[in-house]
There are 2 protein chains.
Amino acid sequence: MPEDKPDRTGSLRTAVARRITALRQEKGFSLSGLAARAGIGKGTLSELEAGTRNATLETLYALAGPLGVPLTGLVGDETGRSVSDGVVDARLLTVRLHDDGGTTEVFWLTIAAGGTRTSPPHAPGTVEHLRVVRGSARVGPQGAEQPVDAGGPRSWPGDTVHCYRSTDGAEGVLVIETPRRPA
Amino acid sequence: MPEDKPDRTGSLRTAVARRITALRQEKGFSLSGLAARAGIGKGTLSELEAGTRNATLETLYALAGPLGVPLTGLVGDETGRSVSDGVVDARLLTVRLHDDGGTTEVFWLTIAAGGTRTSPPHAPGTVEHLRVVRGSARVGPQGAEQPVDAGGPRSWPGDTVHCYRSTDGAEGVLVIETPRRPA
DNA sequence: GCTTGCCGTTCCATATACAGAACACTTCAA
DNA sequence: TTGAAGTGTTCTGTATATGGAACGGCAAGC
């Protein structure tokens, strides 16, 4: 299959294609099975996953249901508030406010390869938890950073000066728990 | 103009239509002006905004640029789709696709007090990680559930039948990692 | 009045996304 | 072997999304 299209939106197309394929396989569906569940032709899905088709909104919506993701999960060019300084990018996924006044924030964290970032203390009692899913990093109170990689999560107090660093780059989920509302 | 379509995705269509119109007017663009900026036919945009057309991904992407929003801003959150059965509510926060073909999904999980839920196996090699921030739960392969509370996270294989249960209710962050699909 | 220049809508010919059939291939059981 | 039941890909006729042209409406200038 020659791939010599001008490729203006081609990258988007292949991105969506990869997303669909990944989600389908994750759910354990066959191509034919997903097509049937979504109520679309299997040829349609085949070419969609091959990136040779420019799907309509209707088709994508039909696929989103069985795949168990919102439409944004398919077209997903990620957006949302993100704090980035070139080294650490923290994209806020959600904030939960609890009855006791505490809060839980969930971020998708990306640390650039070779980068180091120092963060000022948060409110007293704050705890940070990082689970790395790709790459590896060293995190924790300044001077006492601990390694963290895909092997397991790491937690550290967030109410002191703390560092994020990575030599080979890292991605993961950062959870920040604040026990009570800051005064 | 027959308006007697079954209208299954009609609501989605009109939702997108309203969004485009609102964003266009917010930006102060005329319909023709936006069509020109996006490089699409003005007839296309007219019918799109009228909700009588089922746009392709390419068309929507072309519009997203001049409107200054990511594609997700057009297709809209719709629902932060949550899979809920009355016991476990899993709200998808993000899906990450990695270069090696693996995926990482992040959910905000709520387990109702006194509830138990059994989940069928996911793809081979899938691993689930749960960090509870409120309440406590027991999770893991069926028959081998382990307690998990605010004290620390718990991980277990997701490719076998597994359970979520909680006596007093629980909330937390669930990370599902799916490895690269073996051929 | 008659332009000129926008606006948004409606029409048209063409390109293409669609569902489904036909296909080649693999696996598995008789 | 043979067949049946899967898989994903390619083909085909139809439906429709597309860009662009034609259209009518409206306002400002001549």
Side-chain angles (χ1 to χ4, degrees), chain A residues 1-10 12-14 16-18 20-67 71 74-75, chain B residues 1-10 12-14 16-18 20-67 71 74-75 101 123-124 181-183:
Chain A
M1 175 66 63
E3 192 61 37
D4 42 358
K5 282 278 186 85
D7 202 19
R8 294 190 317 137
T9 55
L12 171 67
R13 223 185 269 191
T14 56
V16 172
R18 287 181 47 212
I20 292 174
T21 305
L23 286 168
R24 171 172 69 77
Q25 295 180 339
E26 185 180 319
K27 288 275 180 293
F29 294 158
S30 68
L31 190 148
S32 322
L34 175 58
R37 284 163 206 262
I40 68 173
K42 61 155 116 172
T44 299
L45 182 54
S46 176
E47 292 185 6
L48 245 181
E49 290 195 10
T52 61
R53 184 121 21 134
N54 176 23
T56 62
L57 196 57
E58 227 171 61
T59 301
L60 291 173
Y61 184 71
L63 285 168
L67 289 176
L71 203 41
L74 291 186
V75 301
Chain B
M1 178 70 61
E3 191 62 37
D4 42 355
K5 283 279 185 85
D7 200 19
R8 293 192 317 136
T9 55
L12 171 66
R13 221 185 270 191
T14 56
V16 172
R18 278 200 300 265
I20 292 174
T21 306
L23 285 167
R24 172 171 69 77
Q25 293 177 340
E26 194 176 303
K27 286 268 181 293
F29 295 156
S30 69
L31 190 148
S32 322
L34 175 58
R37 285 164 206 261
I40 68 174
K42 59 156 111 174
T44 299
L45 181 55
S46 176
E47 292 186 3
L48 245 181
E49 290 195 8
T52 62
R53 205 180 281 201
N54 175 22
T56 62
L57 195 58
E58 229 172 59
T59 302
L60 290 173
Y61 184 71
L63 284 167
L67 289 175
L71 201 40
L74 291 186
V75 300
R181 183 71 174 178

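Just so it is clear, the values below take in all heavy atoms, side chains as well, and ignore hydrogens, waters and symmetry mates. Chain naming here is simple, since letters A, B, ... match the order of the sequence lines and numbering starts at 1 in each.
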Exercise for the section: For dA17(D), take OP1 and OP2 only and decide whether either is under 4.0 Å from a side-chain N or O of Thr44(B). Expected result: no
Completion exercise
When Gly33(A) and Thr59(B) are each assigned the nearest nucleotide of DNA chain D, the 5'-most assignment goes to Gly33(A)
Practice task
Scan Ser46(B) against the nucleic acid and name what it touches under 4.0 Å (heavy atoms): base, sugar-phosphate only, or nothing.
Solution key: base
Completion exercise
Ranking Thr56(B) and Ala50(B) by the position along DNA chain C of their nearest nucleotide, the one closer to 5' is Ala50(B)
Problem - Phe29(B) CZ to dC6(C) P, straight-line distance once rounded to whole Å - result: 16 Å
Exercise for the section: Give me the one residue out of Leu63(B), Ile40(B), Thr21(B) that meets side chain to side chain contact (heavy atoms under 4.5 Å, CB included) with Leu34(B). Expected result: Leu63(B)
Practice task
Mind calculating the distance between CG (Leu31(A)) and P (dT26(C)) to the nearest angstrom?
Solution key: 18 Å
Fill in the blank from the handout: From CG of Leu34(B) across to P of dC7(C) the rounded distance in Å is 11 Å
Exercise for the section: Taking only the side-chain heavy atoms of Glu47(B) (C-beta and beyond), determine which of dA21(C), dA17(D), dC11(C) contains the nearest atom. Expected result: dC11(C)
Handout entry: Ser30(A) side chain near dT7(D) phosphate (N/O to OP1/OP2, under 4.0 Å)
Key = yes
Handout entry: Gln25(A) CD - dT7(D) P separation (whole Å)
Key = 13 Å
Handout entry: From dG8(C), dT18(D), dT7(D), nucleotide with atom closest to Ser32(A) side chain
Key = dT7(D)
Practice task
Let me see the working for Leu60(A) and Val16(A) under side chain to side chain contact (heavy atoms under 4.5 Å, CB included), right down to the final yes or no.
Solution key: CA-CA 10 Å; Leu60(A) 291 173; Val16(A) 172; 4.1 Å; yes
Exercise for the section: Classify the nucleic acid contact of Leu45(B) as base, sugar-phosphate or nothing, counting any heavy atom under 4.0 Å across all strands shown. Expected result: nothing
Exercise for the section: Using whole Å, report how far CG of Leu63(A) lies from P of dC18(C). Expected result: 9 Å
Handout entry: Asn54(A) (side chain) donor-acceptor with Thr56(B) (main chain) under 3.5 angstrom
Key = no
Exercise for the section: Report yes if a side-chain nitrogen or oxygen of Arg53(A) is closer than 4.0 Å to either non-bridging phosphate oxygen (OP1 or OP2) of dA17(D); otherwise report no. Expected result: no
Completion exercise
Heavy atoms of Gly51(B) and Arg13(B) approach each other most closely as O-CD, 3.2 Å
Handout entry: Between C1' of dT16(C) and CZ of Arg13(A), the distance in whole Å
Key = 10 Å
Completion exercise
In whole angstroms, the gap separating P of dG8(C) from CG of Leu48(B) amounts to 14 Å
Handout entry: Between dC18(C) (P) and Ile40(A) (CD1): distance, integer Å
Key = 7 Å
Completion exercise
Ser30(A) and Arg24(A) have their tightest heavy-atom pair at C-NH1, 3.4 Å
